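To start, the structure under review is shown below, and the notes come after it.
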Amino acid sequence: MTISYDKVREVASNLRFPTQAFINGQLCSAGDGDTFETANPATGEVLCKVAHCKAADVDKAVIAARRSFNDGQWSRAEPEHRKEVLLNLSRLIRENAFELAVLESLDSGKTITDCLREIGTDVANFFQWYGELVDKSFGKVAPTGDSALALIVKEPAGVVGLVLPWNFPLLMAAWKLAPALAAGCSCIVKPAEQTPLSAIRLGELAQQAGLPDGVLNILPGLGETTGQAIGRHNDIDIISFTGSTEVGGLFLRYAGESNLKVVGLEMGGKSPFIVLDDADLNDDLIEHAAASAFWNAGQNCSANMRQLVDARIADEFAERVAARARKYKVGDPLDPSTDIGAMVTRQHMDRVTGYIERGEAEGARRLTGGARSGKGCFIEPTVFSGLTPEMTISRDEIFGPVLGVIPVKGIDDALRIAVDTVYGLHATVFTRDVDRALYLARRLPCGTVSVNGFSEGDIKTPFGGYKQSGSLSRDNGTEAMDQYLQTKTIWVTLRDAV
Ligand code: NAP
Ligand code: MG
């Protein structure tokens with residue numbers, strides 16, 4: 001879809017901001033009437049005040065979710081019915097994609113181009129893909145003798161709490177909600193406090209699509225209050241969380257101190273982009289290197305910020321990536337020609353700027369980039385060369401547009417440095433030699449290895465982390481359904497009929 005800046009501004013100025021929680025099929029205020037502000041990080045302007053849900057609101061939503069789960073209208077509905085409702089929702093998202101994208105761009109500082117692609121294509125596709133999976137998922141029959149029949153069936157796991165980050169607000173909601181709803185679960189969603197608006201609209205659209213009351217509840221709020229109340233609730237069966245490793249750890253603690261709910265975690269990363277000496281240093285490689293670090297202003301869990309490049313080509317590589325970085329257009333997220341929008345908040349921008357200063361103080365060489373002064377939260381794409389593996393910016397997840405080149409001496413040096421991290425989400429390998437590519441792919445302890453191109457895979461391929469980047473659960477692919485399903489064995493003892 002081609003869009004004009006004028007059209008985007010016109011839609012932005014006429015937007016209605018959704019400000020309430022969505023519980024049991026109704027928009028409502030928080031029980032105690034409390035609200036919090038959400039702002040546009042590109043201008044600093046407060047957009048609106050949103051309901052701040054507390055433990056009592058979480059209780060109300062869980063009671064509605066449990067009732068809806070037990071009455072079976074969704075959890076035991078015919079597969080064709082669940083499919084039809086999810087396909088309706090997918091269509092409604094496509095129809096409302098432009099408005100949703102403008103809402104999300106204003107709330108998050110993400111570019112309108114990214115928001116439109118993520119919502120109009122990816123989010124809608126998720127509900128379609130999982131909707132279509134519902135009536136094509138089969139159970140198993142175990143091999144037994146004639147004396148028994150053993151059925152292995154999958155059942156919806158119950159009431160699930162989905163706690164989301166701010167970097168891909170509606171896309172992360174879809175990654176979790178589409179398979180959870182397809183599985184037949186009832187859901188409590190907490191969007192990030194910085195970006196609650198698009199998720200609330202999704203609740204309204206889901207109801208329009210025919211989802212029964214109570215099956216989907218959207219509870220905006222803060223981590224310490226709403227998030228913790230979900231994590232500690234004794235009648236939530238499953239948590240699926242995406243966010244920082246630190247908060248992921250809190251959810252394990254909440255589960256241990258409450259009902260031992262199952263916790264699925266998708267967390268941070270510090271992913272390597274490995275370039276071996278035989279790789280073609282062509283424009284395609286440079287484009288992938290830059291995109292891997294600067295996509296979504298670097299606010300991406302799989303950002304390949306540690307670029308491990310063979311020492312023989314590292315200088316040329318760094319210069320060329322820096323030249324590419326200077327060409328990105330940083331600015332108003334609502335402008336369709338903008339490549340890099342605003343950092344999500346001033347506080348986050350200051351944190352990223354702190355890392356840039358730390359990199360220089362520790363002796364890395366800044367080739368381009370840095371923070372921009374002014375009202376909005378903007379950082380130019382930043383490239384450092386001459387990093388050593390011990391430097392802070394080589395080790396910490398920065399979550400901003402900061403790329404660092406670490407020279408390495410051959411394939412095993414690259415592997416040694418790549419694995420020396422607490423994270424294990426993603427890695428990219430560039431080489432012309434398939435044996436060397438697979439040597440690395442098999443040994444890198446991470447959930448996704450991308451060869452000769454930066455990619456997270458797609459809707460059909462599982463995504464998740466090793467080590468402190470994740471638990472055994474996976475988003476995407478048929479694997480995502482497993483997070484929201486229980487496995488039951490039905491063992492039938494058979495007697496001779498004659
Ligand atoms: P975050 O601070 O961990 O927040 C994630 C969610 O947890 C938010 O909804 C947050 O609420 C909530 N939360 C915060 N403190 C909490 C507490 N004490 N108890 C319960 N809930 C709490 O992460 P973020 O800054 O939004 O997102 C960035 C992180 O997400 C990065 O580390 C990134 O790598 C990771 N991420 C991972 C993936 C993946 O698939 N592996 C994808 C995207 C992002 P508030 O918003 O109110 O703080
Ligand atoms: Mg906001």
Side-chain angles (χ1 to χ4, degrees), residues 17 36-50 52-53 58 103-110 161-169 171-173 175-176 189-199 219-233 239-255 263-271 296 298-303 305 333 342-348 351 377 396-400 423-426 446-448 456-457 462-471 473-476 480:
F17 294 115
F36 66 99
E37 291 178 343
T38 189
N40 175 354
T43 60
E45 170 204 3
V46 173
L47 294 170
C48 58
K49 288 184 178 173
V50 178
H52 178 183
C53 294
V58 173
L103 189 64
E104 187 151 296
S105 178
L106 283 172
D107 203 15
S108 65
K110 289 164 63 77
L162 309 175
V163 180
L164 306 175
W166 45 259
N167 58 342
F168 297 96
L171 186 58
M172 290 301 106
W175 275 27
K176 295 188 187 298
V189 178
K190 188 199 106 50
E193 69 183 85
Q194 298 86 348
T195 55
L197 301 182
S198 51
L219 277 75
L222 309 190
E224 295 254 309
T225 47
T226 327
Q228 177 157 200
I230 291 171
R232 291 188 181 278
H233 203 288
I239 292 284
S240 182
F241 167 83
T242 292
S244 61
T245 295
E246 187 193 345
V247 178
L250 290 180
F251 275 94
L252 292 175
R253 176 164 4 128
Y254 300 154
V263 179
L265 300 171
E266 301 287 352
M267 301 176 289
K270 187 73 183 175
S271 300
N296 205 39
Q299 301 173 128
N300 179 17
C301 55
S302 67
M305 183 275 163
M343 299 279 101
V344 71
T345 57
R346 170 69 51 182
Q347 191 191 17
H348 184 57
R351 188 175 160 274
C377 306
D396 288 12
E397 182 183 48
I398 297 176
F399 226 58
Y423 297 114
L425 192 57
H426 187 277
C446 58
T448 300
E456 285 190 349
F463 184 80
Y466 285 31
K467 298 175 19 182
Q468 291 182 35
S469 288
S471 55
S473 68
R474 291 290 180 266
D475 286 327
N476 305 351

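Keep in mind the model is a prediction, meaning the values are calculated, not measured. Ligands are counted one by one from 1 in listed order, and the atoms in each one are counted from 1 as well.
- Every atom of ligand 1 is numbered from 1 in the order shown, and the set under 4.0 Å from a heavy atom of Gln194 is 46 (O).
- At the shortest separation from atom 2 (O) of ligand 1 among protein heavy atoms lies Ser244 OG, 4.0 Å.
- Here the heavy atom of the protein found nearest to atom 11 (O) of ligand 1 is Lys190 NZ, 3.0 Å.
- Heavy-atom contacts from other residues, nucleotides or ligands closer than 6.0 Å to CZ of Arg351 number more than 12.
- For the pair Ser469 (side chain) and Met267 (backbone), a donor-acceptor distance under 3.5 Å is absent.
- Residue contacts with ligand 1, taken as heavy atom pairs separated by less than 4.0 Å, involve Leu250 solely via side-chain atoms from C-beta onward.
- Listed by atom number, the atoms of ligand 1 under 4.0 Å from Gly221 heavy atoms are 47 (O).
- Nearby protein atoms of type N, O or S around the Mg ion (ligand 2) amount to 5 (distance under 2.8 Å).
- Atom 7 (O) of ligand 1 has Phe241 CE1, 3.3 Å as its closest protein atom, hydrogens excluded (heavy atom only).
- An N or O contact shorter than 3.5 Å is missing between Cys301 and ligand 1 by distance.
- Numbered from 1 in the order shown, with element, the atoms of ligand 1 that lie under 4.0 Å from a heavy atom of Phe251 read 20 (C), 21 (N).
- Considering only non-hydrogen protein atoms, atom 46 (O) of ligand 1 sits nearest to Glu193 N, 2.8 Å.
- Residues forming a ring pair (Phe, Tyr, Trp, His ring centres under 6.0 Å) with Tyr423 (at least two apart in sequence, or on another chain): none.
- For Lys110 (side chain) and Phe168 (main-chain N/O), no donor-acceptor pair under 3.5 Å exists by modelled atom type.
- Between Phe463 and Trp175, the distance separating the two ring centers is shorter than 6.0 angstrom.
- Under the 4.0 angstrom criterion, atom 4 (O) of ligand 1 counts as lacking any protein heavy-atom contact.
- Counting heavy atoms from C-beta outward, Cys301 and His426 have side chains that stay 4.5 Å or more apart.
- If you check which protein heavy atom lies closest to atom 27 (O) of ligand 1, you get Pro165 CB, 3.5 Å.
- The N/O atoms of Glu397, backbone and side chain alike, include one that comes under 3.5 Å of an N/O atom in ligand 1.
- When only interatomic distances are considered, the shortest N/O to N/O separation between Thr245 and ligand 1 does not fall below 3.5 Å.
- Under the 3.5 Å distance criterion, the side-chain polar atoms of Gln299 are matched with a main-chain donor or acceptor of Val344.
- Backbone and side-chain nitrogen or oxygen atoms of Trp166 are examined, and one is located within less than 3.5 angstrom of a nitrogen or oxygen of ligand 1.
- Every atom of ligand 1 with a heavy atom of Val247 under 4.0 Å away is listed here by number and element: 3 (O), 7 (O), 13 (N), 14 (C), 15 (N), 16 (C), 21 (N), 22 (C).
- Only backbone heavy atoms of Met267 (N, CA, C or O) come within less than 4.0 Å of ligand 1; its side chain stays farther off.
- The shortest side-chain heavy-atom distance between Leu106 and Phe17 falls under the 4.5 Å cut-off.
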Thr226 and Lys190: side chain to side chain donor-acceptor pair (under 3.5 Å), yes or no, with the steps?
CA-CA 7 Å; Thr226 327; Lys190 188 199 106 50; 5.7 Å; no

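- The protein heavy-atom contact nearest to atom 35 (C) of ligand 1 is Gly243 O, 3.1 Å.
- Note: Glu37 CD to Glu193 CD = 11.5 Å, rounded to the nearest 0.5 Å.
- Atom numbering of ligand 1 starts at 1 in the shown order; those under 4.0 Å from a heavy atom of Gly227 are 20 (C), 21 (N).
- Side-chain contact between Val163 and Val247 is absent, with no heavy atoms from C-beta onward closer than 4.5 Å.
- Here the protein heavy atom with the shortest distance to atom 17 (C) of ligand 1 is Tyr254 OH, 3.4 Å.
- Judged by the shortest distance from any of its heavy atoms, Gly464 lies outside the 4.0 Å radius around the atoms of ligand 1.
- Under the 4.5 Å side-chain criterion, counting only non-hydrogen atoms from C-beta, Thr38 is not in contact with Pro220.
- If you look at Leu425 next to ligand 1, the close heavy atoms, those under 4.0 Å, all belong to the side chain.
- Using a 3.5 Å distance cut-off with no hydrogens or angles, the side chains of Glu456 and Ser302 do pair a donor with an acceptor.
- Residue Leu222 approaches ligand 1 through these ligand atoms, each under 4.0 Å from one of its heavy atoms: 47 (O).
- Every N/O-N/O distance between Ser469 and ligand 1 stays at or above 3.5 Å.
- Thr345 has its side chain out of reach of Trp166: every pair of non-hydrogen atoms, C-beta onward, lies at least 4.5 Å apart.
- Protein heavy atom in closest approach to atom 43 (C) of ligand 1: Asn167 ND2, 3.3 Å.
- In this structure, Asp475 contributes its side chain and Glu266 its backbone to no donor-acceptor pair below 3.5 Å.
- Side-chain atoms of His348 come within 3.5 Å of backbone N or O of Phe399 as a donor-acceptor pair.
- In terms of N/O distances under 3.5 Å, ligand 1 is not approached by Trp175.
- If you look at Phe463 next to ligand 1, the close heavy atoms, those under 4.0 Å, all belong to the side chain.
- In this structure, Phe168 does not count as a contact residue of ligand 1, since none of its heavy atoms falls inside 4.0 Å of the ligand.
- For the pair Gly223 and ligand 1, the shortest N or O to N or O distance falls below 3.5 Å.
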Side chain to side chain donor-acceptor pair (under 3.5 Å) between Thr245 and Gln468, intermediate numbers included:
CA-CA 6 Å; Thr245 295; Gln468 291 182 35; 5.4 Å; no

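- Using a 4.0 Å cut-off between heavy atoms, Thr242 contacts ligand 1 through both its backbone and its side chain.
- Lys270 places a side-chain N or O within 3.5 Å of a backbone atom of Asp396 that can act as its donor or acceptor partner.
- For ligand 1, one of its N or O atoms has an N or O atom of Leu164 under 3.5 Å away.
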